[in-house]
Q: 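Here it is, the structure in full.
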Amino acid sequence: MGGYTWPQLILGSLWFILPIGLANMAPVLFRSAMKFLAKPIDGGRLVMGRPLFGSHKTWRGLIFATGAGEIIFLMQLGIIVTFPDVRHITLFDYFSVPLWTGFILGFGAIFGDLFKSFVKRRVSVKPGERWFPFDQIDYLLGGLIAISLVNPVAWFVWVAVLVGGLILHLLVNNIGYALGLKDTRW
C-alpha cells in the first residue's frame, strides 16, 4: 500500500477528505447567505422533460463549495508548515501542487454532486429521495477525479477515501439530521 501503515492510510484519508467533505457541506452550511445567488445552475432547463440538475443545485452552492475547498486546503497547508510532522500522514505532497488545488477539490466535490443529480433525474429518482451509495460518494468521486488532474492518486487511496468517506458521510449526516441542519439522514 505504497509504504503506508493502516493508521497512516486511515488518518491520511480523513485529512485528504477534509476539503472535499467541507466543500460538500458548504451549500447546507451557507444556505442563508447571499440569497441572490440561490438560483438554480440549470436555470430551470429540462432534458427529456426532466430538470437538468434540479432546483436545489444553485450558484450559491457552487461558489461556497469551491471556496470552502480552497480555504480548507490552505488551512491544511498552514498546519503542515507549522507542524511538519503532520506531513507524514498526508497522501500527497502539498508543496508539489498549485496553491489553487483546494479550488479544484471543492469544484470536484460539487461537480460530482451535480453529475449525480443529473443522472438521478434521468433514472427518475426524485430530489431528496435516497439513492444509496451514490448520494454518499458522489462528492468523493468528483474530488478524487479533480485532484487526479493535478496529482496522481494511487488505487488504494481511492479505496480508502471512498470506503472511509462513505462511513464518515453517513455519520456526519446523521449528526446533522439530529441537530436539525438537514432534513434527511442521507
Side-chain angles (χ1 to χ4, degrees), residues 15-77 94 97-123 125-151 153 158 161-162 165-166 168-170 172-173 175-177 179-186:
W15 181 263
F16 182 88
I17 288 170
L18 278 175
I20 300 168
L22 290 172
N24 186 56
M25 293 180 348
V28 173
L29 295 174
F30 295 99
R31 67 179 165 209
S32 298
M34 299 182 157
K35 293 193 185 254
F36 69 95
L37 290 172
K39 305 220 179 323
I41 292 171
D42 64 12
R45 289 179 189 81
L46 302 176
V47 174
M48 299 184 306
R50 295 187 180 112
L52 186 62
F53 301 121
S55 62
H56 292 95
K57 305 305 174 193
T58 66
W59 289 107
R60 177 180 54 204
L62 175 72
I63 291 166
F64 276 99
T66 304
E70 179 65 11
I71 289 167
I72 299 303
F73 177 81
L74 291 174
M75 288 173 68
Q76 287 177 314
L77 188 58
Y94 278 66
V97 295
L99 282 177
W100 43 266
T101 297
F103 285 119
I104 293 171
L105 290 166
F107 181 79
I110 206 70
F111 182 79
D113 186 52
L114 283 170
F115 182 75
K116 182 254 335 206
S117 291
F118 175 80
V119 174
K120 210 173 172 180
R121 302 296 87 81
R122 305 295 73 76
V123 296
V125 177
K126 293 181 174 124
E129 189 175 326
R130 189 173 188 181
W131 198 34
F132 187 82
F134 306 107
D135 286 328
Q136 291 74 29
I137 64 169
D138 55 350
Y139 68 104
L140 295 169
L141 284 169
L144 284 163
I145 290 167
I147 193 65
S148 295
L149 299 173
V150 177
N151 190 76
V153 179
W158 280 73
V161 166
L162 290 173
L166 174 65
L168 188 61
H169 184 88
L170 293 171
V172 169
N173 272 9
I175 291 169
Y177 178 75
L179 294 174
L181 296 173
K182 291 193 53 84
D183 298 330
T184 61
R185 291 186 180 276
W186 55 89

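This one's a predicted model, so the numbers in the text were calculated from it and none came from an experiment.
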Q: Compare every heavy atom of Leu166 with every heavy atom of Pro133, then report the nearest pair and how far apart it is.
A: CB-CD1, 4.4 Å
Q: Using the side chain to side chain contact (heavy atoms under 4.5 Å, CB included) criterion, which residues pair with Ile17? Sequence neighbours excluded.
A: Leu140, Val161, Leu168
Q: Which salt bridge (Lys or Arg N to Asp or Glu O under 4.0 Å) pairs, counting each pair once, include a residue from residues 61-70, with sequence neighbours left out?
A: none
Q: Has the side chain of Gln76 got a donor or acceptor atom that lies under 3.5 Å from a matching backbone atom of Trp15?
A: yes
Q: Hey, is Arg130 close enough to Asp135 for a salt bridge, meaning N to O under 4.0 Å?
A: no
Q: For the residue pair Phe73 and Tyr94, categorise the inter-ring angle as parallel (less than 30°), tilted (30 to 60°) or perpendicular (more than 60°).
A: parallel
Q: Decide yes or no for Trp158 and Ile145: does some side-chain heavy atom of the first lie under 4.5 Å from some side-chain heavy atom of the second?
A: yes
Q: Rounded to the nearest 0.5 Å, how far does CD1 of Ile147 lie from CZ of Phe16?
A: 5.5 Å
Q: Keeping to residues at least two apart or across chains, list the ring-ring contact (aromatic ring centres under 6.0 Å, His included) pairs with something in residues 40-72.
A: Phe30-Phe64
Q: Rounded to the nearest 0.5 Å, what separation is found between the CG atom of Leu77 and the CG atom of Leu99?
A: 6.5 Å
Q: Please report the interatomic distance CG(Asn173) to CE(Met25), rounded to the nearest 0.5 Å.
A: 9.0 Å
Q: Any idea which heavy atoms bring Val150 and Pro98 closest together, and the distance?
A: CG1-CD, 3.4 Å
Q: Verify side-chain contact (heavy atoms from CB on, under 4.5 Å) between Ile72 and Leu105, making sure each step is shown before the conclusion.
A: CA-CA 10 Å; Ile72 299 303; Leu105 290 166; over 6 Å; no
Q: If you compare all heavy atoms of Ser148 against all heavy atoms of Val153, which two are closest, and at what distance to 0.1 Å?
A: OG-CG2, 3.7 Å
Q: Got a sec, which residues hit ring-ring contact (aromatic ring centres under 6.0 Å, His included) with Phe134, two or more places apart in sequence or on another chain?
A: Trp131
Q: Find the distance between CG (Leu149) and OG1 (Thr101) and round it off to the nearest 0.5 Å.
A: 11.0 Å
Q: So do Ser117 and Asp138 actually touch side chain to side chain, heavy atoms under 4.5 Å?
A: no
Q: Quick one: closest heavy-atom pair of Ile110 and Gly61, and the distance?
A: CD1-O, 4.2 Å
Q: So how far is it from Ile137 CD1 to Phe132 CZ, rounded to the nearest 0.5 Å?
A: 8.5 Å
Q: Search all heavy atoms of Ala23 against all heavy atoms of Pro27 and return the closest pair with its distance.
A: O-CD, 3.3 Å
Q: Enumerate the salt bridge (Lys or Arg N to Asp or Glu O under 4.0 Å) contacts for residues 40-55, please, sequence neighbours excluded, ordered by first and then second residue.
A: none
Q: If I take atom CE from residue Met48 and atom CG from residue Leu46, how far apart are they, to the nearest 0.5 angstrom?
A: 11.0 Å
Q: Regarding Arg121 and the six-membered ring of Phe118, is the cationic atom NZ or CZ under 6.0 Å from the ring centre and inside 45° of its axis?
A: no
Q: Quick one: salt bridge (charged side-chain N to carboxylate O under 4.0 Å, His left out) partners of Lys57, sequence neighbours excluded?
A: Asp113
Q: Is there a side-chain contact between Ile63 and Met34 in this structure, where contact means two heavy atoms from C-beta onward sitting under 4.5 Å apart?
A: no
